[in-house]
Amino acid sequence: MNKNSSNIMALVPNTSNKRETVCIFGTGDFGRALGHKLIQAGYPVVFGSRSTQISSLIPKDAEVLSHAEAAQKAAIIIIAIQRQHYNFLTSLAEVLRGKVLVDISNNLKINQYPDSNAEYLAQLVPGTKVVKAFNTVSAWALQSGTLDASRQVFVCGDDIEAKQMVMDIVRALGLTPLDQGSLLAAQEIENYPLQLFPMWKFPILLSLGLTAFFFFYCLIRDVIYPYVYENKDVSFFIAISIPNQICPVLALILLALVYLPGVLAAIIQLYRGTKYRRFPDWLDKWMLCRKQLGLVALAFASLHVLFTLVIPIRSFVRWRISSQTVSQALNNKTEPLNTTKAWLSDSYLALGILGFFLFVLLGITSLPSVSNNVNWREFRFVQSKLGYLTLVLCTAHTLVYGGKWFLSPSSYRWYLPHSYMLSLIIPCIVLVVKFVLIFPCLDKPLTRIRQGWERNPQYSE
Amino acid sequence: MNKNSSNIMALVPNTSNKRETVCIFGTGDFGRALGHKLIQAGYPVVFGSRSTQISSLIPKDAEVLSHAEAAQKAAIIIIAIQRQHYNFLTSLAEVLRGKVLVDISNNLKINQYPDSNAEYLAQLVPGTKVVKAFNTVSAWALQSGTLDASRQVFVCGDDIEAKQMVMDIVRALGLTPLDQGSLLAAQEIENYPLQLFPMWKFPILLSLGLTAFFFFYCLIRDVIYPYVYENKDVSFFIAISIPNQICPVLALILLALVYLPGVLAAIIQLYRGTKYRRFPDWLDKWMLCRKQLGLVALAFASLHVLFTLVIPIRSFVRWRISSQTVSQALNNKTEPLNTTKAWLSDSYLALGILGFFLFVLLGITSLPSVSNNVNWREFRFVQSKLGYLTLVLCTAHTLVYGGKWFLSPSSYRWYLPHSYMLSLIIPCIVLVVKFVLIFPCLDKPLTRIRQGWERNPQYSE
Amino acid sequence: MNKNSSNIMALVPNTSNKRETVCIFGTGDFGRALGHKLIQAGYPVVFGSRSTQISSLIPKDAEVLSHAEAAQKAAIIIIAIQRQHYNFLTSLAEVLRGKVLVDISNNLKINQYPDSNAEYLAQLVPGTKVVKAFNTVSAWALQSGTLDASRQVFVCGDDIEAKQMVMDIVRALGLTPLDQGSLLAAQEIENYPLQLFPMWKFPILLSLGLTAFFFFYCLIRDVIYPYVYENKDVSFFIAISIPNQICPVLALILLALVYLPGVLAAIIQLYRGTKYRRFPDWLDKWMLCRKQLGLVALAFASLHVLFTLVIPIRSFVRWRISSQTVSQALNNKTEPLNTTKAWLSDSYLALGILGFFLFVLLGITSLPSVSNNVNWREFRFVQSKLGYLTLVLCTAHTLVYGGKWFLSPSSYRWYLPHSYMLSLIIPCIVLVVKFVLIFPCLDKPLTRIRQGWERNPQYSE
C-alpha cells in the first residue's frame, strides 16, 4: 500500500479487513437464520450449543463450540434461546463479564412477565452489557431474503458503545436500526411484534358499534315497518339498500369525529387562555388516532360509492323503473321534465363526487412515502384546509340529498327520523363551531395563545 | 472488561459511554421540545437563558445556566432564538470561538432577508462553525412523536466535521439527515418549509385557466345556446354535464402536454445535431414538472370516470330514457338493435376503461415508495412505453366517442365546434410527430446523438 | 479551537475538514456527471484522460491530467470507461497498486460476459481493491437531480475498508448504499439494471396465456354459436361483454393461485413430517411470486369492476331494457317483483363489492411504504386472514352469480360449460383443502411441525 492511501486508512479506523467474530447461543430456527445472514455479510460466526456436534442445518462456515468456549471467541453474544432457559447463563457469568449480550427474545403475550426479557437478562448476568435487538424480524424473512414486512430493527440498551456495535451489525445485514434509548424501552420493544394494529383498535371498535346500531335502526325503519304496516317483503334491502345507508352515515360521522377534537382543543385553549397545560387524556388519545379515524371513514365512503354505482344494475331497481315506465305508457301520459328535481339530483351527485375525490386525495397524502416528501406547511395545508373542504362538501352532499325529508312527516316512521338526519348532527356542530372560531374576535386570541401568549401567565420563562 | 472486548473498543472509537453535552440557547417551544428529545436520546442538555430560574416547562433533567456558562459546557450550541435577537451573541464571541453553532431558525416569508439566517449568524460571530439544521421539523411533531410529516432534516455548513457532529445528533433523534453541502445552501433550506407545492404551481394554474375557459365555452354552447334558440332551461347541466365535458378534455390535453416537451426536445436535438447544448429554459422547466402535469391529468380523468358512472342515476337521464320508452310504446313501434351504434358505444367505453386503467397504473408507479423499488430501465419502460400507450388509448377513446360530430354541421353552434374537437388537437400533434420520429431515417441519427455523437463537433473531448 | 471542542474532534476522527480527492478515469457522460456531483459534495475531483486538454463540458473546478498523474493524486479511482477499453489499465499496474478501483460499468445484455466486469477488472490489475458501485444510477438522473427512480446504489467488493470508503461517497452524494457482500455479487449487480420486472414475468405470461384461452372460449360460446344457430350478429360483445367475462374469471383463478402454494406446502410438510427439507424448486419459485400474482389478479378485478359499472351506459343494454319495457307495455301487462331474483341480484353485488374492497385493501398494504410500517404479525394477519376472506367472498360472489347455470342444460353450448364454472374449480379446491387443514387432527401436527417438531428426526441438533 502506498503512502497515498495509508493516510486514508487512518481516517476510516472503524472498519478493518476482517469483521469481528459474533457468537450465537442456541441453534434454533432464528439462531441459524441469523448466523447464515451474518456469514453472508462477512462476519465469522461461532455457535454456542449444548451438543457441539455439527448439525447439517447449521451454516457450513460456522463453528460450533460449547457455550463457554464460544463466548470467549467473541465480544458480542446473541442470545437466541428462550427466557425460560436463561438460567444456565449464570454459570457462565465469569466468561460473559464485559461482553455485549444481545437479547432477541419475544414473548407469546403482551406484558407476559412483569419485567422485560432483556432487563431480566441484565439482572441475571450482571457485568454484561445487554442490548435488545432483532426481535421484530422473523426468521423466515431473514432466510428467504424477502423482507416484505418491516426492515426496521428496534435497538435499545444502557451502554451506548454496545448499542452502536449492535447497530453496525444491523446495518451490515441490510436492515435499518432504530435507537429506542435505554433498556427501559425493552418492554415496549418486546410488546411491539405482538401488537395487532393498536392505533386502529378504537376507530374500528367505534365503527363496528355504530354499524351495528345503524343496521338495526335501518332494519326497523326500512324492512320491519313496511312489513308490519304494508305487508311488503323487502328483506333483500339487507344486501345493498341498508349497507348503502350505513356506509355514508358512518363515513360522515367518522369524518366529523376527525375534526371534532381539534375544535374542542381550540375551545379548551381559549377558555384556559394558555397552551401550556396538557389536554385531558381522552382528548390526547383522540387526537393521536385522527388519521386512523379518517382512513376508516374513507373506507366507508368508498363502499358507499361502490354501492351507489351498482344501483342501476340491481334487479329490483330495473324492475321498479321498468314498471313505472310501463304504467306511464298504459296511462297514456308523459311526464314533463322536473327541472328542480334535475337540479337537486345533479347537485348532490356532483357534491358527492367532489367530496369523495378530495377524500381520496387526503388518503393518498397520508401514505407514508407521500407524506415523507412534503414539508410541514404542505402537510398541514392538505390535512387541514382540504380536510375541512371535504367535510363541507360531504355535509352539503348529505343535506341536499336528505334535506327533503326534514319537513315531510311521512319520513318519521315510529317517530324514528331518517338515518341521514342523525348523521348530520356531528358534522353540523363541527362546522358551526369552526365557523364561529374563524371570526377575528376569537381567531386573534387563539392565534396568540398558540404562539405562546398566556392570558394569566403563571409559568415564568 | 476483558481483553477480548477491549480491542473491539478501539475499533469503534467514535462512540463513548457518555454522549457529549448539547447546549441550547433559548427556552421557547422549539428549544424545549428539542431539549426533551435530546435527553431521551441520552444527551446531557444545558439551556442558556437570560433568566436562569427553572421553569416547570423545561425538561427536568436539563440544567439552566446563563448563556456564557451554558456555552462553556458544550461543543455544540443550538441557537433556538429568532434572528432579530442574534445580536447579543456578539458579546459572547470569546466563549463561542471554535464552537459549532446550529442555526434552526425559520423566516415568515420566502427570501425575507437578503442573506440567510445561518450566513448572517456566521458573519456575526466569526470563528464559529455554523451549521444549518432542524428548521424543517416542527416543535409539535418533535413533542408528540408523531412525525407524520417528513423525518428529513436538511443539514448544511462549511465545516464538514461540524456538519458530521450535527448529523450524528439528527440520527440519534431518529430523524434522517440530508447533507445539502456548504452554507450557501442555507437560503434554500430556510425557504423550504415556507414553500407550498412549488412544483405543482404551474400545472395547477394551467389547469385552472383551462377549466375556466372550457367552462364558459361549454356554458355558451350547451346552456345559453339552447336557451336563446329553443327556450329550453337546462341550467342544471352546470352540475354534472358540463364538468363531465371539462374533465375529459383537460385530462387529455394535460396528458398530451406531458409528452409534448419530450417530442420538442427530440426535434431540437435533431436540428442542432448534438445533445451537448442546453435546452431553452422554458423547456427545461416544462420537462421537470411533467410528473405533476400527469398527476393533475389523472385527477381530471378520475373525476371524468366518476361523473360518467353516475349518469344512469341522474334524475334527468332517467326521465329522458323513460320518456323515450313511453313514446315508443305509445307509437306502438319497437326499434331494432343498431349494431353499428352498439359497436361504437362499446368500443369507446372499452378504450376509455383500458386507458384509464393504464393511467392509474402510471400514477401508482409514480408513488415514491414504488418508484424507489424499480430500476432505471423499468421506470423508463413504464413512464415512456406505457405512457404513450395510455395517450394512444385515451385519444382513440375521444375520437371514437366524438368522431361523429366532426362532420355534422349541427354540432357547430354559433360556429363553435364541440369541446371534444378542441381537446384532440394537441394529442394528435404529439402522436403524429412521435410516429414520424420512430421512422428509421430519424430514429437512427437521434439515437446516435443521444449516445454522444455530434453532427458538427465543436466541443473536443 | 478551544479545549472543549478538541476532545470532540478526537471522537469523530473519520471526518476532516477536507474531503479526499477522487480520481475519475474517462470523461464520458457518466464520468462528467459523477464528477460534477462529487464537486458539489465537496470532493476535489481529478479526471484521468488520454487528452488532457480541458473540454468545456468537464466541470470547471476539476483538474484533467494524464491517467498516471491523476491516479497518483487519489486513493479512489472511478473507472468510467467501458469494459472493452480496460486493457490499457495493465500498463498502469504500478501506479494503481493498493488503490480502490470503483467499477461502474454496465453491459448491454444480461450475462454478456462469462465473468462480471468488476471481477475482470480485479483479475486484470491485481493488487488493487475493486469495488462495484453506481451502475444502477443513470447519468441523466445524476445531472438533473431528479432521482425519481431508485436512489439505491448497490455496492460490493472483497475489501471491507474499500467498500466503506465508497459507501461514504455514495452517502455524501445523497444516495443510499446497499452492501451486497463480496465481489461475487458483481454479476448480479451488473445484471440488475438490465432486468425488466423479472418477478412479474411468470404472472404476466400466465395471465396472458389464460386471457387468450378464455377469449377464444368465450368467442366460440357467445359470438360464433349464436351466429351459427340463431344468425344473430353480436360481434360487438368483443368490446365489453367478453372482456367482462375474462376479467372476473382471471381475477378469481389468479387469486386462488396465490393461496394454492401455501396449501400445497402444508400438505408436503404434513406428509414429510418435517419442515427441515426444502420444497421442490417450482414451489419455492411459485411462493416467491405470490405478491405479483395477487396484484395481477387485483388488476383484472379492477377492470371487471369498471366493465361492470359501465353496463347501464352501453347502447346495447339501453336498447334491450327499453325494448323489454316497450313489449311489456304493448302486451298490457305489468310484471310483479320477483323477490328471489332481487335477493340473488343484490347478494352477488354486495358480495362482489365487499370482496373487491378487501382486495384493494390487500393491494394497498402491499405498497412498500405501508408494509414497512406494520409488524410481522400485522402483515401476516392482513395477507393471510384478510386474503382468505377475500377469496371466500369472491368465490361466493361467483357462485351466487353463476350458480343458476350449473343445472340449466341450455348453458352448455357445444358441450362447453359457461366460463364461470371453469373459474370456480381452483378456488373451490383451495378453499376445501384449507377447510380440511384447519381441523384439529391436521392443524395440531402441522403447527408442531412448523415450530420445529419432526416426526422422524434424522437431523440432530
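Within every chain, numbering begins at 1; the chains are lettered A, B, ... in the order of the sequence lines, protein sequences first and strands thereafter.
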I would like to know whether C:W343 and A:S315 meet side-chain hydrogen bond (donor to acceptor under 3.5 Å, both in side chains); could you show each step before the answer? CA-CA 9 Å; C:W343 253 115; A:S315 173; over 6 Å; no
Verify side chain to side chain contact (heavy atoms under 4.5 Å, CB included) between C:Q328 and A:S322, making sure each step is shown before the conclusion. CA-CA 9 Å; C:Q328 265 187 52; A:S322 153; 3.7 Å; yes
For the pair C:T325 and A:I321, evaluate side chain to side chain contact (heavy atoms under 4.5 Å, CB included) and give the outcome as yes or no after the intermediate values. CA-CA 9 Å; C:T325 314; A:I321 291 176; over 6 Å; no
Begin from the C-alpha positions of A:F197 and C:V382 and carry the test side chain to side chain contact (heavy atoms under 4.5 Å, CB included) through to its verdict. CA-CA 10 Å; A:F197 298 111; C:V382 170; 3.6 Å; yes
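We find the CZ-CG distance between C:F357 and A:L306 to be 9.0 Å, quoted to the nearest 0.5 Å. Rounding to the nearest 0.5 Å places CD1 of A:I313 at 7.0 Å from OH of C:Y348. Taken to the nearest 0.5 Å, the CG atom of C:D346 stands 4.0 Å off from the CD1 atom of A:I240. For the atom pair CG of C:L361 and OG of A:S302, the computed distance is 9.5 Å after rounding to the nearest 0.5 Å. In this structure, C:R377 CZ and A:Y192 OH are separated by 12.5 Å, a value rounded to the nearest 0.5 Å.
For a residue to count as touching a neighbouring chain, one of its non-hydrogen atoms must lie under 4.5 Å from one of that chain's; by this rule A:L330 touches chain C with the side chain only. Residue A:Q195 touches chain C through both its backbone and its side chain, counting heavy-atom pairs closer than 4.5 Å. Neither the backbone nor the side chain of C:S366 comes within contact range of chain A; no heavy atom of the residue lies under 4.5 Å from a heavy atom of that chain. At a 4.5 Å heavy-atom cutoff, the contact between A:I238 and chain C is made by side-chain atoms alone. With a threshold of 4.5 angstrom between heavy atoms, C:V305 approaches chain A through side-chain atoms but not through N, CA, C or O. In this structure, no portion of C:V100 lies under 4.5 Å from any heavy atom of chain A.
The greatest number of non-hydrogen atom pairs below 4.5 Å with chain C, out of A:L303, A:V234, A:D233, A:L367, is found for A:L303. Contact count versus chain C (heavy atoms, under 4.5 Å) is highest, among A:V326, A:L196, A:N244, for A:L196.
For C:L393, the side chain to side chain contact (heavy atoms under 4.5 Å, CB included) criterion is met by C:L351, C:L354, C:L358, C:L389, not counting sequence neighbours. Every residue meeting the side chain to side chain contact (heavy atoms under 4.5 Å, CB included) condition with A:F316, not counting sequence neighbours, appears here in chain and number order: A:F236, A:F237, A:R314, A:W319, A:R320, C:L337, C:A342.
Taking both residues in full, the closest heavy atoms of C:A350 and A:A239 are given as CB-O, 3.4 Å, listed atom of the first, atom of the second, then distance.
Side-chain atoms of C:E378 and A:P193, non-hydrogen and from C-beta on, never get closer than 4.5 Å to each other.
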